[in-house]
Amino acid sequence: MSEASSVPVKSMDAIMSLCKRRGFIYQASEIYGGINGFWDYGPLGAQMKKNLRDAWWQDMIMRPCWGKDGPNGKPVKCVPVETRIIQHPKVWEASGHVGGFNDPMVDCRETKQRYRYDHVSVFVPASGDPGDKPLFAYMKDSPSEAKQQKKAEKAFGQVKTVTLTTIPVAQFTKVLGPDAEKVGTLTEPKQFNLMFKTYLGATATEDDKAYMRPETAQGIFVQFKNVVDTTRVKVPFGIGNTGTSFRNEVTPRNFTFRSREFEQAELEFFCHPDESPAWYAFWRDYRMAWWQSIGLTSENLILREHDKDELSHYSVGTSDVEYRFPFTAPGYGELEGIAHRGSFDLTQHQQHSGVKLEYNDTERGEVLPNGGRRGERYIPHCIEPAAGLDRGVLALICEAYTRDESRPSPEFMKFHPRIAPIKAAIFPLVAKDGMPEVAEKLQADLNARFWKLGGIEMDEKQSIGKRYARMDEAGCPYCFTVDGDTLKDQTVTCRDRDTGAQTRISIDKVGDFLAEKLGV
RNA sequence: GCGGGCGUAGCUCAGUGGUAGAGCGUCAGCCUUCCAAGCUGAACGUCGAGGGUUCGAGUCCCUUCGCCCGCUCCA
């Protein structure tokens with residue numbers, strides 16, 4: 001994690017209170033005291049999140065990569081699906097989530113610490129029996145490592161490292177916990193399932209157990225064959241979806257960043273194995289550019305390529321688009337992971353389901369006498385750009401939040417026009433002399449043209465400055481003010497949120513002006 | 001899960017065991033010709049929840065929930 005940045009860290013408290021005050025984000029079930037790990041969106045937040053989801057859908061499914069060609073020199077092709085939160089339980093066995101999400105943990109009775117069973121290491125004698133002396137458990141790269149090593153070397157001389165999993169539970173009585181004073185305080189390993197469990201049918205027996213998905217991706221892999229068989233898609237192509245996933249986090253934290261219920265926007269892009277490195281690099285670079293295009297323009301956004309030792313055994317590469325949130329600074333938090341998953345997922349589902357998931361590529365293989373090709377059968381490789389929409393909203397809010405004490409309205413949200421929940425506001429300078437009527441008509445005209453994209457508001461209450469300030473906090477990029485001159489020369493003032501600058505434009509050009517700014 | 005801090009109006013926060021407060025915001029009216037102006041008025045609180053001590057609890061005690069910070073965890 002890089003720590004170099006000249007961007008000042010914003011106050012998360014101030015951001016959170018603005019989110020509440022202006023109706024972006026509320027605590028879920030707040031009147032009952034809230035519920036840990038769940039957050040609701042208010043009117044502005046819900047519209048903003050829809051704008052983000054729509055932008056993803058447009059730029060990933062409808063017109064992928066802004067219409068640019070992929071590394072194969074052809075336009076990128078993607079189709080959508082919508083799959084269910086609850087899948088066949090075997091889906092999660094095949095995906096590795098039953099297992100990976102069932103990490104056994106050990107607790108320390110003395111220090112009340114909890115450790116992942118397979119992450120605990122132990123210093124034991126390099127050879128021979130420890131006798132009555134303890135075995136020294138530690139967590140790699142924590143202070144306990146050096147401390148325990150010193151003790152172990154004093155006890156045994158030469159030491160070596162094994163993992164706790166290799167030590168019989170019966171021997172735990174001889175293990176000194178990483179930060180413990182007494183030996184034998186570690187409990188036997190226990191299961192902590194991060195997947196939410198539920199029961200199908202009203203009788204709720206263990207036989208009816210099912211899981212709520214911890215990611216949307218598996219639904220795509222499971223329907224891969226149906227999409228290929230029914231929609232005339234040809235590799236390379238992508239299948240995308242957005243939807244809610246659930247993870248029963250041990251410690252929900254950091255506002256909406258780590259929630260137990262969250263929405264993902266995931267694309268699985270299938271290609272020939274030989275072309276997969278090029279597609280991986282292509283998606284990685286596009287996804288970074290995409291987040292920048294919707295407003296994450298500061299150096300708080302980085303693309304981080306995983307080190308080789310962070311990669312799954314099947315993966316050629318993984319990159320994260322990361323954002324430096326106020327609560328992660330000087331570190332970063334993940335917004336999106338772009339993973340080269342190889343043929344891992346389709347292979348797993350082929351094995352577990354017994355259904356062939358090979359693709360017959362009729363554009364490959366030897367040329368036949370009739371000019372066609374024999375075809376090549378293979379399991380496609382997959383590039384997975386998987387974004388978190390709630391994290392995206394949070395990053396966009398943090399990025400947009402601005403304080404400038406020199407302004408009349410010091411606190412404002414600098415949303416990209418495409419993301420802003422309110423696209424424009426119309427004000428009569430004063431609520432008399434026919435100005436409200438002109439403003440109402442302009443509001444109605446703009447609304448008729450832009451209602452699909454977001455709010456077009458009209459406000460005539462209180463001073464013009466207060467109305468500008470209200471729109472600044474809501475992140476509305478443009479305000480149009482009808483004044484005395486409007487009645488004479490048919491022009492209005494266009495006020496820019498970020499600069500406060502005012503320009504006069506013809507009232508019948510306001511729609512075109514807004515369309516250009518919104519990129520429609 | 002552990003440790004620390006905090007929960008009072010929509011937001012930010014005062015509040016000595018004795019009548020529930022301020023600023024901002026919101027709403028209504030007046031005023032107002034370009035940046036949270038002014039005047040008048042109004043609404044909004046079971047003081048996070050539940051117990052206990054007390055003649056009396058926002059205040060003291062216990063339990064619990066939530067949020068923030070540090071560990072731990074982070075598929």
Side-chain angles (χ1 to χ4, degrees), chain A residues 11-14 16-23 26-39 42 92 95-103 105-117 119-120 139 142-144 178-179 187 190 192-195 213-215 217 245-255 257-258 312 326-328 333-334 337 339 386 406-412 427-433 435 460-473 479-487 492-497 499-504:
Chain A
S11 158
M12 205 57 212
D13 286 346
M16 288 172 71
S17 75
L18 184 141
C19 281
K20 170 78 185 289
R21 196 167 76 237
R22 307 293 346 196
Y26 307 131
Q27 217 180 343
S29 306
E30 189 184 295
I31 63 169
Y32 288 100
I35 178 164
N36 194 353
F38 298 88
W39 299 87
W92 309 114
S95 69
H97 287 92
V98 175
F101 274 81
N102 278 302
D103 294 323
M105 310 285 281
V106 293
D107 289 339
C108 177
R109 295 188 194 90
E110 178 188 325
T111 64
K112 306 300 179 194
Q113 300 278 307
R114 173 172 292 168
Y115 310 97
R116 227 176 98 171
Y117 184 34
H119 282 191
V120 181
M139 296 301 290
S142 84
S144 64
D179 298 298
T187 64
K190 290 181 244 175
F192 290 88
N193 195 337
L194 288 179
M195 278 196 292
R213 65 181 173 200
E215 62 174 39
S245 293
F246 299 83
R247 291 176 196 173
N248 212 346
E249 297 287 352
V250 176
T251 314
R253 243 340 137 78
N254 293 330
F255 204 20
F257 184 79
R258 172 157 293 136
S312 316
F327 48 80
T328 59
E334 181 184 341
S406 71
R407 287 166 59 106
S409 55
E411 202 168 32
F412 65 111
F427 305 145
L429 183 57
V430 289
K432 62 179 184 184
D433 300 340
M435 294 179 205
E460 58 177 33
K461 289 293 182 184
Q462 286 141 347
S463 73
I464 189 73
K466 182 168 287 192
R467 283 176 273 162
Y468 284 145
R470 283 184 188 128
M471 284 301 141
D472 284 347
E473 279 194 345
C479 296
F480 301 98
T481 300
V482 173
D483 60 17
D485 291 343
T486 306
L487 308 173
V492 295
T493 298
C494 171
R495 184 262 193 185
D496 183 280
R497 175 198 62 205
T499 63
Q502 298 188 350
T503 50
R504 284 202 85 80

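All chains are named by letter (A, B, ...) in the order of the sequence lines, taking the proteins before the strands, and each is independently numbered beginning at 1.
Pair check for B:rG45 finds none; no Watson-Crick or G-U wobble contact set falls under 3.5 Å. Pair assignment for B:rU54: none, as no Watson-Crick or G-U wobble contacts are both less than 3.5 Å.
Applying the side chain to side chain contact (heavy atoms under 4.5 Å, CB included) rule to A:Y32 yields no partners; only residues at least two apart in sequence or on another chain are considered. Residues that satisfy the ring pair (Phe, Tyr, Trp, His ring centres under 6.0 Å) test with A:Y117, not counting sequence neighbours, are absent from this structure. With sequence neighbours excluded, no residue forms a side chain to side chain donor-acceptor pair (under 3.5 Å) with A:E334. Remark: A:E473 engages A:R21, A:R22 in a side chain to side chain donor-acceptor pair (under 3.5 Å) (not counting sequence neighbours). Applying the salt bridge (charged side-chain N to carboxylate O under 4.0 Å, His left out) criterion to A:R504, with sequence neighbours excluded, gives A:D483. Residues passing the side chain to side chain contact (heavy atoms under 4.5 Å, CB included) test with A:A386 are A:E266, A:E384, sequence neighbours excluded. Checked against side chain to side chain donor-acceptor pair (under 3.5 Å), A:D496 has the following partners two or more places apart in sequence or in another chain: A:T499.
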If the sugar-phosphate is the primed atoms plus P, OP1 and OP2 and the base is the rest, what is the B/S/- string for nucleotides 21-27 of chain B, using protein heavy atoms under 4.0 Å? ----SSS
Quick one, give me the B/S/- string for nucleotides 44-52 of chain B, reading 5' to 3', where B means a protein heavy atom under 4.0 Å from the base and S means that only happens at the primed atoms, P, OP1 or OP2. ---------
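With hydrogens and angles left out, the side chain of A:Q502 and the base of B:rC34 share a donor-acceptor pair within 3.5 Å. No hydrogens or angles were tested; on distance alone, nothing pairs the side chain of A:Y32 with the base of B:rC65 as donor and acceptor under 3.5 Å. Put simply, the side chain of A:S463 and the base of B:rG38 share no donor and acceptor less than 3.5 Å apart.
Distances from the side chain of A:D433 to the nucleotides B:rU33, B:rG66, B:rC35 place B:rU33 closest. Comparing atom distances between the A:A431 side chain and each of B:rC73, B:rU32, B:rC34 picks out B:rU32 as nearest. With B:rG1, B:rC34, B:rC74 as the choices, the nucleotide that has an atom nearest any side-chain atom of A:T481 turns out to be B:rC34. Closest to the side chain of A:R253, out of B:rG1, B:rC35, B:rU33, is B:rG1. The side chain of A:H119 lies closest to B:rC74, out of B:rC74, B:rA36, B:rC35.
At a threshold of 4.0 angstrom between heavy atoms, the contacts of A:M435 include nucleobase atoms, whether or not backbone atoms are also involved. The residue A:F427 sits apart from the nucleic acid: no heavy atom pair falls under 4.0 Å. Residue-level contact check: A:E473 touches the bases, meaning some heavy atom is under 4.0 Å from a base atom.
For the OP1/OP2 pair of B:rC74 and a distance below 4.0 Å, the side-chain nitrogens and oxygens of A:N254 include no atom meeting the criterion. Phosphate contact (OP1/OP2 of B:rG10, side-chain N/O of A:K20, threshold under 4.0 Å): absent. At the phosphate of B:rC67, OP1 or OP2 sits under 4.0 Å from a side-chain N or O atom of A:N36.
Nucleotides of RNA chain B nearest to A:T251 and A:D485 differ in position, and the one nearer the 5' end is that of A:T251.
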